[in-house]
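First comes the structure, then the notes that go with it.
Counting convention: from 1, in listed order, for ligands and their atoms alike.
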Amino acid sequence: MDQITTGIRRVLSLPIVYDTFQTVVGAVASKRKVCEQYVSRGSSDIVVDVGCGTADILTFLPASSHYFGFDLSQSYIDAAKKRHAGRPNSSFLCADLNEMAPDAMPPCDLAIVFGVLHHINDESARRLMENLHDRLAPGGRLITVDPTLVEGQARIARELIKRDRGQHVRTPEAYEALVPARFQGHVTEVRHDMLYIPYSLAVTVCTKAA
Ligand SMILES: C[S@@+](CC[C@H](N)C(=O)[O-])C[C@H]1O[C@@H](n2cnc3c(N)ncnc32)[C@H](O)[C@@H]1O
């Protein structure tokens with residue numbers, strides 16, 4: 001089991017609870033920051049959002065973006081469809097990234113994997129990132145964002161992250177080690193300033209050769 005869905009964490013499976021929690025801790029605001037600081041306009045024409053949840057990030061993408069989001073949770077996908085009803089050029093699919101044919105994802109300029117790698121094991125993560133490399137256009141970018149454990153982080157951040165639903169929280173180096181060598185370059189930053197609460201995120205930006 002890669003994700004804990006029992007006990008108190010079970011209520012997070014409810015889209016309304018999940019969305020409220022995300023807003024309160026600043027996780028929604030963190031998506032705005034990621035879009036402002038890591039998504040350049042030119043790279044955002046066709047966007048694939050892996051494990052999109054209720055598709056928070058779509059609010060912060062340029063209106064001209066063509067968006068495809070998929071997630072394991074049917075209730076999250078239903079909530080995403082309802083929330084973004086009427087937004088042109090957006091589609092949502094309930095699918096398991098481990099079972100999905102790579103070509104079920106459209107060719108894209110930007111792939112976002114926000115808060116997902118820490119829910120999946122190394123083998124699945126590497127396969128996903130290889131598939132995304134294949135789907136990206138030359139010069140396209142893959143952005144991953146996940147909680148991370150690092151020395152010197154706030155104690156409360158460490159304790160919260162250790163209790164995450166995802167069972168594969170990694171160090172920044174371990175997230176970096178998942179990046180396929182075929183990417184022309186990648187950089188990982190540890191950010192302690194993305195949420196309203198003490199929290200540490202590893203943001204990795206991978207660029208495909210032009
Ligand atoms: C922490 S949530 C992040 C959701 C969204 N990306 C966001 O940032 O709001 C992790 C998401 O990954 C999804 N997920 C986990 N394992 C998955 C899998 N095997 N295939 C597709 N989605 C998966 C979960 O359903 C959940 O919506």
Side-chain angles (χ1 to χ4, degrees), residues 1-6 8-35 38-39 47-61 67-84 90-102 104-105 108 110-132 135 142-148 160-170 175 178 191 194-197 199-204:
M1 189 69 177
D2 292 330
Q3 180 169 288
I4 299 177
T5 53
T6 54
I8 193 150
R9 294 162 174 114
R10 185 174 186 172
V11 294
L12 286 174
S13 303
L14 301 170
I16 181 88
V17 177
Y18 180 76
D19 282 342
T20 305
F21 178 76
Q22 294 269 332
T23 303
V24 169
V25 301
V28 175
S30 76
K31 279 151 202 151
R32 178 175 45 74
K33 291 179 190 165
V34 164
C35 288
Y38 297 95
V39 176
V47 180
V48 166
D49 187 6
V50 175
C52 62
T54 56
D56 270 348
I57 206 159
L58 181 50
T59 314
F60 306 112
L61 291 170
Y67 174 94
F68 170 78
F70 74 92
D71 198 282
L72 186 60
S73 160
Q74 183 67 60
S75 56
Y76 284 175
I77 288 298
D78 291 344
K81 283 181 179 168
K82 195 169 162 191
R83 176 180 195 178
H84 298 289
S90 57
S91 58
F92 309 90
L93 179 72
C94 181
D96 183 339
L97 63 88
N98 291 309
E99 292 171 11
M100 198 174 174
M105 296 186 261
C108 58
L110 173 68
I112 298 171
V113 187
F114 201 120
V116 178
L117 293 183
H118 71 287
H119 287 270
I120 60 178
N121 64 33
D122 284 6
E123 187 190 342
S124 293
R126 287 205 178 92
R127 192 171 51 238
L128 171 68
M129 292 170 88
E130 290 282 0
N131 289 341
L132 290 172
R135 303 314 284 161
L142 162 63
I143 300 177
T144 75
V145 184
D146 281 279
T148 193
L160 284 171
I161 289 167
K162 277 161 60 180
R163 286 165 178 73
D164 194 280
R165 286 184 296 170
Q167 293 300 287
H168 301 279
V169 173
R170 300 173 176 89
Y175 285 119
L178 299 173
R191 300 286 302 260
M194 299 292 265
L195 269 59
Y196 301 147
I197 57 170
Y199 207 76
S200 309
L201 292 171
V203 181
T204 299

With heavy atoms of [X] as the reference, note each atom of ligand 1 found under 4.0 Å away.
X      : value
Gly53  : 4 (C), 5 (C), 27 (O)
Val116 : 12 (O)
Asn98  : 19 (N)
Ala95  : 20 (N), 21 (C)
Phe114 : 3 (C), 5 (C), 6 (N), 8 (O)
Asp96  : 18 (C), 19 (N), 20 (N)

Per-residue contact class, Cys52 against ligand 1 - non-hydrogen pairs under 4.0 Å: backbone
Parallel, tilted or perpendicular: rings of His84 and Phe92 (30°, 60°): parallel
Ile57 and Cys35, any side-chain heavy atoms less than 4.5 Å apart: yes
Validation row: Gln22, Asp56 side chains within 4.5 angstrom (heavy atoms): yes
Sidechain N-carboxylate O distance under 4.0 Å for Arg126, Glu130: no
[X] versus ligand 1: do any nitrogen or oxygen atoms come within less than 3.5 Å of each other?
X      : value
Leu72  : yes
Ile120 : no
Leu97  : yes

Considering [options], which one's heavy-atom position lies nearest to [atom]?
atom                    : options                      : value
atom 7 (C) of ligand 1  : Gln74, Glu99, His119, Lys31  : Lys31
atom 1 (C) of ligand 1  : Gly115, Pro147, Ala80, Ser30 : Gly115
atom 13 (C) of ligand 1 : Asp56, Val50, Asp19, Asp71   : Asp71

Criterion side-chain hydrogen bond (donor to acceptor under 3.5 Å, both in side chains) on Arg170 and Thr148, from CA distance to verdict: CA-CA 6 Å; Arg170 300 173 176 89; Thr148 193; over 6 Å; no
Closest non-hydrogen atom pair, Leu117 against Ala125: CD2-CB, 3.9 Å
Heavy-atom donor-acceptor pair, Asp71 side chain to Gly53 backbone, under 3.5 Å: yes
Donor-acceptor contact present, side-chain Arg135 to main-chain Met105, <3.5 Å: yes
Residues Asp146 and His118: side-chain donor-acceptor under 3.5 angstrom: yes
Min heavy-atom dist Ala27 to ligand 1 below 4.0 Å: no
